[in-house]
Amino acid sequence: MGFGSYDESEQKNQNVDTDDSGAVNVHENDHDGSVEFEFDDEESLIDRLQEMKDAAEGGE
């Protein structure tokens, strides 16, 4: 079972007109910097997470 004939002449010199003006620039919002986290202990993080979950559920 074949996939048909392959004609290399159809693959040569394929010019495609493209307009990049609407393209997405993935580096448009790149930022250099650092992030630091400060916390007392693991328990305070767990407590804070629970507070955030409760607030999201409408508990506060």
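Just so we're clear, the structure is a prediction, and the values are computed from it rather than from any experiment.
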Contacts of Asn29 meeting side chain to side chain donor-acceptor pair (under 3.5 Å) (sequence neighbours excluded), chain-then-number -> none

Sorted by chain and residue number, the side chain to side chain contact (heavy atoms under 4.5 Å, CB included) partners of Asp30 (sequence neighbours excluded) come out as His27

CG of Asp47 to CD of Glu51, rounded to nearest 0.5 Å, is 6.5 Å

- Would you indicate whether the side-chain heavy atoms of Ile46 and Glu42 approach each other to under 4.5 Å? yes

